[in-house]
Amino acid sequence: MSDADLVKLYSGRILALTTDIPHLGHLSAPQGSARKRSPLCGSTVTADVVLRDGRVAEFAQDVKACALGQASAAILGRVVIGRSRAELEAAREALRAMLQGGPVPAAPFDGYEVLTPARDYKNRHASILLALEAACAACAAAEAAT
């Protein structure tokens, strides 16, 4: 990757997101938890959720990821409260499609637009998807536990 490619990929907007990730940590009594890991880079995200009426009422995430994975977690953290598992799964698939050249996910997940430069770096896609994958899996675990 050239220096110009790095500058394009790691924009100031992406780096700013890495310093302001909402809901960091763990919940004391989650209904569901899930840990997802990218085998390529070793990034991990663990998500904890409490659901009320099928929607995320409480959320926490432990993010040990590269800048792109951290940025993705920050974007998710800003909009996850109040979302259903189906909405999160749709956002995950929309993000996956965006990384393959498709449109930016619809609001409220349109913040992922900042990650469009990563389309050209397929080895980064798994890390970008981790936060949504962990949140989806944590919701599934919470639903199974009730």
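Numbers here simply count residues along the sequence, with the first being 1.
Residue pairs satisfying the salt bridge (charged side-chain N to carboxylate O under 4.0 Å, His left out) criterion with at least one member in residues 56-69, sequence neighbours excluded, are listed as follows: Arg52-Glu58, Asp62-Lys64. Sorted by first then second residue, the ring pair (Phe, Tyr, Trp, His ring centres under 6.0 Å) pairs that include residues 62-94, not counting sequence neighbours, number zero. Residue pairs that meet the ring pair (Phe, Tyr, Trp, His ring centres under 6.0 Å) test with at least one member in residues 60-90, sequence neighbours left out, do not exist here. Annotation: ring pair (Phe, Tyr, Trp, His ring centres under 6.0 Å) contacts involving residues 85-107, sequence neighbours excluded, are absent. Applying the salt bridge (charged side-chain N to carboxylate O under 4.0 Å, His left out) definition to pairs two or more places apart or across chains, those involving residues 95-112 are Glu93-Arg96, Arg96-Glu133. The ring pair (Phe, Tyr, Trp, His ring centres under 6.0 Å) analysis of residues 76-120, with sequence neighbours excluded, yields no pairs.
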For residues 30-37, run the donor-acceptor check on the side chains, cut-off 3.5 Å, and write out each pair with its distance to 0.1 Å, sequence neighbours left out.
residue, atom, partner, partner atom, Å
Gln31, OE1, Leu51, N, 2.6
Ser33, OG, Asp48, OD1, 2.7

If you look only at distance, which donor and acceptor atoms sit under 3.5 Å apart when one is on a side chain in residues 71-82 and the other is two or more places apart or in another chain?
residue, atom, partner, partner atom, Å
Ser72, OG, Ile128, O, 2.6
Arg78, NH1, Asp20, O, 3.4
Arg78, NH1, Ala74, O, 3.0
Arg78, NH2, Asp20, O, 3.4
Arg78, NH2, Asp20, OD2, 3.0

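Here His125 pairs with nothing under the ring-ring contact (aromatic ring centres under 6.0 Å, His included) rule; sequence neighbours left out. Remark: Phe59 engages His23 in a ring-ring contact (aromatic ring centres under 6.0 Å, His included) (not counting sequence neighbours). Not counting sequence neighbours, the partners of Arg85 by the side-chain hydrogen bond (donor to acceptor under 3.5 Å, both in side chains) test are Glu89, Glu143. In this view, Ser84 and Glu87 satisfy the side-chain hydrogen bond (donor to acceptor under 3.5 Å, both in side chains) rule, not counting sequence neighbours.
Within the 4.5 Å cutoff, no side-chain heavy atoms of Met98 are placed close to those of Pro103. The closest side-chain heavy-atom distance from Cys139 to Arg83 is not below 4.5 Å. Under the 4.5 Å side-chain criterion, counting only non-hydrogen atoms from C-beta, Leu88 is in contact with Val56. Contact of the His26 side chain with the Thr46 side chain is registered, since non-hydrogen atoms from C-beta on lie closer than 4.5 Å.
Residues Ala118 and Leu68 approach most closely at CB-CD1, 4.4 Å, considering heavy atoms. The nearest pair of heavy atoms linking Ala134 to Val45 is CB-O, 3.7 Å. Ala65 and Ser43 make their closest contact through CA-OG, 3.4 Å (heavy atoms, listed as atom of the first residue, atom of the second, distance). Taking each heavy atom of Val50 and Ala29 in turn, the nearest pair found is CG2-O, 3.7 Å.
With rounding to the nearest 0.5 angstrom, the CG atom of Leu27 is 10.5 Å from the CD atom of Gln61. To the nearest 0.5 angstrom, Gln70 atom CD is 11.5 Å from Leu130 atom CG.
Of the possible polar contacts, one joining the Thr116 side chain to the Glu113 backbone as a donor-acceptor pair under 3.5 Å is found.
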